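FYI, side chains are in, hydrogens and waters are out, and symmetry mates aren't considered; it's all heavy atoms of this structure. As the structure lists them, so they are numbered: ligands from 1, and atoms in each ligand from 1. What you see is a predicted model, and the numbers here were worked out from it, not measured in a lab.
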Amino acid sequence: MDAAAVVEAAGAHKRPEDAKHVGYGTAGFRTKADILDHVLMRVGVLAALRSRCKGGAAIGLMVTASHNPEPDNGAKLVDPMGEMLEASWEAYATRLANCKDDELVGEINTIISECGIDMQTKAKVVLGRDTRGSGLKLCQAARDGCTALGAEVVDLGIVTTPQVHYVVRCLNDATYGTPTVAGYQEKLAAAFKAIWTLAGRTDLISLKLDCANGVGAVQMKELLKHLDSMLKVEMYNDGSGQLNHECGADYVKVQQHAPANMTAGAGDRCVTFDGDADRVLYFFTRDGTFFMLDGDRISSLAAQFIQQCATAAALDLNIGVVQTAYANGNSTKFLQTKAGVPVACTKTGVKHLHHKALDYDVGVYFEANGHGTVVFSDAALKKINEHESGSEEGKRAIAMLRAMTELINQTVGDAISDMLMVEAILLLQNMTVEDWAAMYDDLPNRQLKVKIADRSVVKTTNAERECTAPAGLQSAIDELVKKFTSARSFVRPSGTEDVVRVYAEAETREQADTLAWAVAGKVWDLAGGIGDRPHAP
Ligand code: 16G
Ligand code: MG
């Protein structure tokens, strides 16, 4: 390592003496942009080390704070196959980001020796950033970190998070596609066009799209140049307003109404992305009432479709869906009984779902909040690509599956690609969003937050569906749940906020609400609640 170059970079991106501690969590680093300069330089250093550790494979570094407000920013690293950074390296990221300037060289040497990194290996880092004003400067800091360690930098400029995942994958696996943003656009456009042709559609599909005033707007405009004979997309919150302010997937999901500047009229098919375009949700209004099609609905639509294609083509594929405890109970029931697809449950956080999805030939995973994708194993891709079906129906089903494998960004949840997947399935099955919504009815549910002195006293097991501490809480929840019909409730400490989250669902809205408030009260009583005891408004 060129220690002098590291010292110089540290001098250019000084860590303030009183710098706040930052942790690399489920979504990387995320905090106020103005305290991230030294952190980003160090993330650049870490990306270069990671690349060498992986034999010179390209590593991604995305500068974004997703659905957070504009003044925030953050960074996340992407591993060689386009997956999220391996968990064991999160601790290195945190250590490197928080050490003092004069400890930096020592910390780097520790990582080099602990991981047995050969510093003669070449290193490559793919940089991307969302539309935040702070992004350019933070990218420069990251670049300085990469360069200090002698890594080559590929700067994609303003791109979606999933595009960084895609380019990283392509650089390390040429079979996946052309490693450029244009390559991404062309791949998705060609796949959608193939589906369009299969469906024999002639008129345009019309959509209203809320882009959260983020990067989704920039990239959708480019993609639509390829798709304008098939899709008519009216864009709202396309960058002219403030990022994520009263718009975007997180806002729509939490508020349960349309974003600012956009009306969902009768018959309108509406879509919303988050700030870095890795989450997507659909919504519409029926008789003036807002109706959301969330990640569980997308999973159900995709899993059922793939299952039906496999059956039609007599293709033996082991298809599974991965959900979290937040998945609506009726979506789970639909998948298991009507669609005939097994369902697994993991802890909250995309990396857990993604990892589990790899257990299947075809793993469909979505969090209810709209983050997810479909992954096809190598064996499944081989089967799909080599299978020959005798019947016309089977041939069509195989053609549909092949196009799907090209259309879906299998590296990570991707709002653009997921939206095109939904459109493709609706198109091929001649379904409206109303038909999609009619697949099952959601059980009414309620989420609440409880403030307690130390949320780490709440411990969970069984994919967060049961709590093991504090003593007596789980049995209290069990007693409450018994009093309601089709009811379920769980509590877990949040990974992103200083609260304990409560989820409850039951047959009626009133029951779900009553149960949620009762469980929240028990958490407050038994886990050291602070402030007022939770009570229904
Ligand atoms: C993070 C996760 C998201 C999860 C959320 C839960 C990623 C990229 N993001 O934003 O998947 O739903 O945390 O937040 O993994 P919570 O722990 O505060 O409920
Ligand atoms: Mg996001």
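- Neither the backbone nor the side chain of Asp278 comes within 4.0 Å of ligand 1, counting heavy atoms alone.
- Close approach of ligand 1 to Arg501 (heavy-atom distance below 4.0 Å) involves ligand atoms 16 (P), 18 (O), 19 (O).
- For atom 9 (N) of ligand 1, the choice among Gly413, Ser66, Ala27, Gly25 with the nearest heavy atom turns out to be Ala27.
- Looking at Thr468 and Gln474, their side chains never bring a donor and an acceptor atom within 3.5 Å of each other.
- By the 3.5 Å distance cut-off applied to N or O atoms, His67 is not counted among the residues near ligand 1.
- Looking only at protein heavy atoms, the nearest one to atom 15 (O) of ligand 1 is Val350 N, 3.2 Å.
- Side-chain contact check for Ser331 and Gln323: at least one donor-acceptor pair (N or O, by modelled atom type) lies under 3.5 Å.
- There is a side-chain donor-acceptor pair under 3.5 Å between Asp130 and Thr64.
- Of all the heavy atoms of Lys351, none lies under 4.0 Å from any atom of ligand 1, so neither backbone nor side chain is involved.
- The name of the N, O or S atom in Asp276 nearest to the Mg ion (ligand 2) is OD1.
- Between the Mg ion (ligand 2) and the N, O or S atoms of Asp278, the shortest distance is to OD1.
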Working for side-chain contact (heavy atoms from CB on, under 4.5 Å), residues Tyr184 and Cys170: CA-CA 10 Å; Tyr184 168 96; Cys170 294; over 6 Å; no
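- Nearest to the Mg ion (ligand 2), among the N, O or S atoms that Asp274 has, is OD2.
- Polar contact check, Gly495 against ligand 1: a nitrogen or oxygen pair lies under 3.5 Å apart.
- Using a 4.0 Å cut-off to heavy atoms of Thr348, the atoms of ligand 1 that qualify are 4 (C), 6 (C), 12 (O).
- Taking any N or O of Arg492, backbone or side chain, at least one lies under 3.5 Å from an N or O belonging to ligand 1.
- Between Val374 and Ile306 there is a side-chain heavy-atom pair separated by less than 4.5 Å.
- A donor-acceptor contact closer than 3.5 angstrom links the side chains of Gln219 and Gln185.
- Closest approach of Val481 to Ala487, counting heavy atoms only: CG1-O, 3.5 Å.
- When non-hydrogen atoms are compared, ligand 1 lies under 4.0 Å from the backbone of Thr26 as well as from its side chain.
- Any N or O atom pair closer than 3.5 Å counts here, and His371 shares no such pair with ligand 1.
- Using a cut-off of 2.8 Å, one finds that Ser66 contributes an N/O/S atom close to the Mg ion (ligand 2).
- For ligand 1, one of its N or O atoms has an N or O atom of Thr496 under 3.5 Å away.
- Each of the following atoms of ligand 1 lies closer than 4.0 Å to a heavy atom of Glu367: 3 (C), 4 (C), 11 (O), 12 (O).
- Residues Asp276 and Thr160 bring no donor and acceptor atom of their side chains to less than 3.5 Å of each other.
- In this structure, Arg465 is not positioned above the aromatic face of Phe490 in the sense of NZ or CZ being under 6.0 Å from the six-membered ring centre and within 45° of the axis.
- Taking the six-membered ring for Trp and thresholds of 30 and 60 degrees, Tyr440 and Phe334 have ring planes inclined between 30 and 60 degrees apart.
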